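Notes for the one structure printed next.
Residue numbers count from 1 along this sequence. The structure displayed is predicted, hence computed values, not measured ones.
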Amino acid sequence: IVGALYGGYIAANMFKWYWWRFNARGFFWGMGAGIAAALVFPYLFENTLPLYSWPLLFLISIAGCLVGTYSAPPTDEAVLLQFYKTVQPWGFWKPVMLKVMADDPDFTPNLNFKTDMFNVILGIIGQCCLTILPMYIVLWLQLPLLITVAILVTIILVLKRTWWNKLDN
């Protein structure tokens, strides 16, 4: 079930961070279209693994995101400008970035893409370690537990240096 639903909500959750024009209506219709398709697909494709229908599910969710987004006016410009100044998201935000820079010539956009992506990858691996750690404790698989703890401690130390220490107070 969860694997099938990924196609329903990945598009909406990606668009919300990487596309300035995306709005609440696009999020709603992208999620709704994707989840509805995920619920219907098992009946349409009875003898097919959900993995094989996932690309179609994902495309339906993207279509819902696009239709929903363009069926509503853009988000208020003041909200977009404040969000960009505060969060400095990656992606298709150039029109907003240019307006922020025109209003505030001292503003510099986030130039740490490689470090940020490295930290995201470490965060994903860390989340996986946090998921599997209790299982190794309950099953008392000592060697995998020690390896997981070592990986997790290493990730925490690296993220402390490359992310936490660089956060604004």
Side-chain angles (χ1 to χ4, degrees), residues 1-20 22-42 45 48-62 64-65 68-69 75 79-80 82-93 96-97 108-169:
I1 292 171
V2 172
L5 289 176
Y6 278 142
Y9 66 81
I10 285 179
N13 280 296
M14 291 297 289
F15 277 137
K16 75 180 180 184
W17 287 109
Y18 298 108
W19 184 29
W20 74 270
F22 195 61
N23 55 29
R25 193 174 289 180
F27 189 85
F28 173 80
W29 286 108
M31 292 281 287
I35 291 172
L39 293 172
V40 171
F41 274 19
F45 307 109
T48 306
L49 291 172
L51 180 64
Y52 296 130
S53 60
W54 188 89
L56 180 58
L57 179 67
F58 187 60
L59 289 174
I60 290 170
S61 181
I62 288 173
C65 288
T69 295
T75 303
V79 172
L80 287 174
Q82 182 59 36
F83 177 80
Y84 187 82
K85 285 175 85 170
T86 306
V87 177
Q88 297 184 11
W90 297 107
F92 304 102
W93 285 83
V96 178
M97 179 190 73
T108 53
N110 188 345
L111 303 174
N112 300 317
F113 179 76
K114 289 180 183 177
T115 303
D116 290 348
M117 288 302 105
F118 174 70
N119 289 339
V120 167
I121 291 168
L122 285 181
I124 291 169
I125 295 168
Q127 287 285 341
C128 291
C129 288
L130 288 171
T131 300
I132 202 162
L133 186 74
M135 290 185 262
Y136 288 151
I137 292 171
V138 169
L139 297 173
W140 199 240
L141 300 174
Q142 294 173 354
L143 183 59
L145 176 64
L146 290 174
I147 293 170
T148 302
V149 168
I151 292 170
L152 191 56
V153 167
T154 303
I155 288 172
I156 289 169
L157 293 173
V158 172
L159 284 176
K160 168 91 169 67
R161 184 170 181 225
T162 62
W163 172 66
W164 183 261
N165 290 346
K166 295 181 181 185
L167 289 175
D168 294 333
N169 294 328

(Q) Around atom CZ of Phe92, are there more than 12 heavy atoms from other residues, nucleotides or ligands closer than 6.0 Å? (A)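 Atom CZ in Phe92 is not crowded, with 12 or fewer foreign heavy atoms closer than 6.0 Å.
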
Q.
Heavy-atom count check: over 12 atoms from other residues, nucleotides or ligands less than 6.0 Å from Lys16 NZ?
A.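 Yes.
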
**Q.** Note, Pro89 side chain near Tyr84 side chain (heavy atom, < 4.5 Å)
**A.**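 Result yes, sub-4.5 Å side-chain heavy-atom pair found.
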
Q.
With a 4.5 Å cut-off on side-chain heavy atoms, are Leu145 and Trp140 touching?
A.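 With C-beta onward as the side chain, the pair touches.
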
Q | Pairing residues for Thr69 by the side chain to side chain contact (heavy atoms under 4.5 Å, CB included) criterion, not counting sequence neighbours | A |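 By the side chain to side chain contact (heavy atoms under 4.5 Å, CB included) rule, Thr69 matches Trp19, Arg21, Phe22, Asn23.
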
Q: Just jot down the side chain to side chain contact (heavy atoms under 4.5 Å, CB included) partners of Trp17, sequence neighbours excluded, or say none.
A: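 Phe83, Val87.
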
Contact summary for [X] and [Y], nearest pair of heavy atoms:
X: Ala12; Y: Met31; value: CB-CG, 3.8 Å
X: Thr148; Y: Cys129; value: CG2-O, 3.7 Å
X: Gly64; Y: Trp29; value: O-CB, 3.4 Å
X: Trp90; Y: Asn112; value: CZ2-C, 3.6 Å
X: Gly30; Y: Ser61; value: O-OG, 3.1 Å
X: Phe41; Y: Leu57; value: CE2-N, 3.7 Å

**Q.** Point-to-point distance, once rounded to the nearest 0.5 Å, from OH of Tyr136 to CG of Leu146
**A.**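 Tyr136 atom OH to Leu146 atom CG measures 11.5 Å (nearest 0.5 Å).
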
Q. When rounded to the nearest 0.5 angstrom, what is the spacing between CE in Met97 and CG in Asn110?
A.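 Interatomic distance, Met97 CE to Asn110 CG, rounded to 0.5 Å: 11.5 Å.
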
(Q) Pair Val120, Ile124 - check side-chain contact (heavy atoms from CB on, under 4.5 Å), show working. (A) CA-CA 6 Å; Val120 167; Ile124 291 169; 4.0 Å; yes

**Q.** Working for side-chain contact (heavy atoms from CB on, under 4.5 Å), residues Met135 and Ile132
**A.** CA-CA 5 Å; Met135 290 185 262; Ile132 202 162; 4.1 Å; yes

Run the side-chain donor-acceptor check on residues 149-166: report pairs under 3.5 Å with partners two or more places apart or on a different chain.
| residue | atom | partner | partner atom | Å |
| --- | --- | --- | --- | --- |
| Thr154 | OG1 | Ala150 | O | 2.8 |
| Lys160 | NZ | Asn165 | OD1 | 2.6 |
| Thr162 | OG1 | Asn119 | OD1 | 2.6 |
| Thr162 | OG1 | Val158 | O | 2.9 |
| Asn165 | ND2 | Lys160 | O | 3.2 |

